[in-house]
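Sequence lines set the chain letters: A, B, ... in the order given, protein chains first and strands last, and positions in each chain run from 1. Scope of the values below: all heavy atoms of this structure, side chains included, with no hydrogens, waters or symmetry mates.
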There are 2 protein chains.
Amino acid sequence: MDNIDRMLIGLLQDDATRSYAMLGKAVGLSSGAAHERVRKLRERGVIRRTTIDVDQEALGRAVTAYVLVDGNTWMGDSGDRLAAIPEVEEAHVIAGPASVLLKVRTSGPKELQDLLRQVFQVDGVTGTQTVVVLQTLFERTLK
Amino acid sequence: MDNIDRMLIGLLQDDATRSYAMLGKAVGLSSGAAHERVRKLRERGVIRRTTIDVDQEALGRAVTAYVLVDGNTWMGDSGDRLAAIPEVEEAHVIAGPASVLLKVRTSGPKELQDLLRQVFQVDGVTGTQTVVVLQTLFERTLK
DNA sequence: CAGCATTCTGTCGATATTGTCCACGACAAG
DNA sequence: CTTGTCGTGGACAATATCGACAGAATGCTG
């Protein structure tokens, strides 16, 4: 995990369609060596996968919200139940004003309400507090 | 934006290294037609870019936190100032208990404190409330 | 510390796969 | 009929992928 690996990761985060020849030139290695390093980064799980960044609004996901979930029991094991709700993008166990924090995306307020109804059906949930996003300033990948 | 486009997006979200030949077979089109559809999805901005999903902990980003930022002025224009802080992954203007919500990742508690100090230097910021993530249940891309 | 084996990391070139482009046909709408 | 959209299939260039080999780093042993 040296500096060259970090450069490669940065370059691929910007644009994963870059050729190994370009990557190699950018970091001062041959195409083969760059390929080998990236292969190992994948193998080690540092690079989880190659994916695309999609404009959610273009897919009809107009409303983004964060939901603070209160529970009367340990909720670290409710991951599967929450993952079963397709609109939930992230779920974290938190230290603070609630037990779990969700990031959700729905097509509208009505669907957000439906989603909250589903959250309440998860065992142990006693309440929710929803923070609606008015405008996203940016969402990016860290270098 | 028909069903085939949505299938293509789903397939590429799972694994953007798939060949156009495979994509075409999966949706019942030729390789050329699949290529053309994906090209147009990029052109229209539905697909923003091709990128890699990186294990942040492997890069030394051990602490994830959400920061609620209070301000005494309209903060919709502070995006650039917040984007200048490299540890800030997302910034949203919200309706609710604060003005702005940040998602941040740092290597440790000390660096989180340094980050909060930087947030306070942004014009109009009057206070922050930080929610630390104890465990991430999942972070995924929506279909 | 020298000598030696082992492992890791790199270069280079061959080859198969893939992306990319173009000419053409089918089809629906005006 | 004309026009525009969307598909097919094939040709070509670019690229990924793999193997053989060389050098540096590492670690063990006497």
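- Which of dC6(D), dT20(C), dG10(C) sits closest to the side chain of Arg37(A) comes down to dG10(C).
- At least one side-chain nitrogen or oxygen of His35(B) sits closer than 4.0 Å to the OP1 or OP2 atom of dT20(C).
- The side chain of Ala33(A) sits closest to dT11(C) out of dT18(C), dT17(D), dT11(C).
- One atom, CZ of Arg42(A), and another, P of dA16(D), lie 11 Å apart when rounded to the nearest Å.
- Glu36(A) has its CD atom 15 Å from the C1' atom of dC21(D), to the nearest Å.
- For dT5(D), neither phosphate oxygen OP1 nor OP2 lies less than 4.0 angstrom from any side-chain nitrogen or oxygen of Lys40(B).
- The side chain of Ser19(A) approaches dT15(D) more closely than any other nucleotide in the set dG10(C), dT9(C), dT15(D).
- For the pair Arg44(A) CZ and dT9(C) C1', the interatomic distance rounds to 13 Å; values are reported in whole Å.
- For Tyr20(A) and dG19(C), the OH to P distance is 13 Å, given to the nearest whole Å.
- Between Arg37(B) and Asp5(B), at least one side-chain nitrogen of the basic residue sits less than 4.0 Å from a carboxylate oxygen of the acidic one, meeting the salt-bridge criterion.
- At whole-Å resolution of the value, CD in Glu43(A) and P in dT9(C) are 11 Å apart.
- Atom-to-atom, NZ of Lys25(B) to C1' of dT18(C) comes out at 14 Å; the value is rounded to the nearest Å.
- Under a cut-off of 6.0 angstrom, the local environment of CE in Met22(B) is sparse, with at most 12 non-hydrogen atoms contributed by other residues, nucleotides or ligands.
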Check against salt bridge (charged side-chain N to carboxylate O under 4.0 Å, His left out), Arg105(B) and Glu139(B): CA-CA 14 Å; Arg105(B) 297 192 119 115; Glu139(B) 289 175 302; 3.4 Å; yes
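- In this structure, Arg6(B) contributes its side chain and Lys143(B) its backbone to no donor-acceptor pair below 3.5 Å.
- No engagement by Arg39(A) is indicated, since no non-hydrogen atom pair under 4.0 Å with the nucleic acid exists.
- Both Leu102(B) and Ile85(B) are part of a single hydrophobic cluster, where members link through side-chain heavy atoms under 4.5 Å apart.
- Between dT18(C) and Arg18(B), no contact under 4.0 Å exists linking OP1 or OP2 to a side-chain N or O.
- One interatomic measurement links the two molecules: CG of Asp5(B) to C1' of dT5(D), which rounds to 14 Å at whole-angstrom precision.
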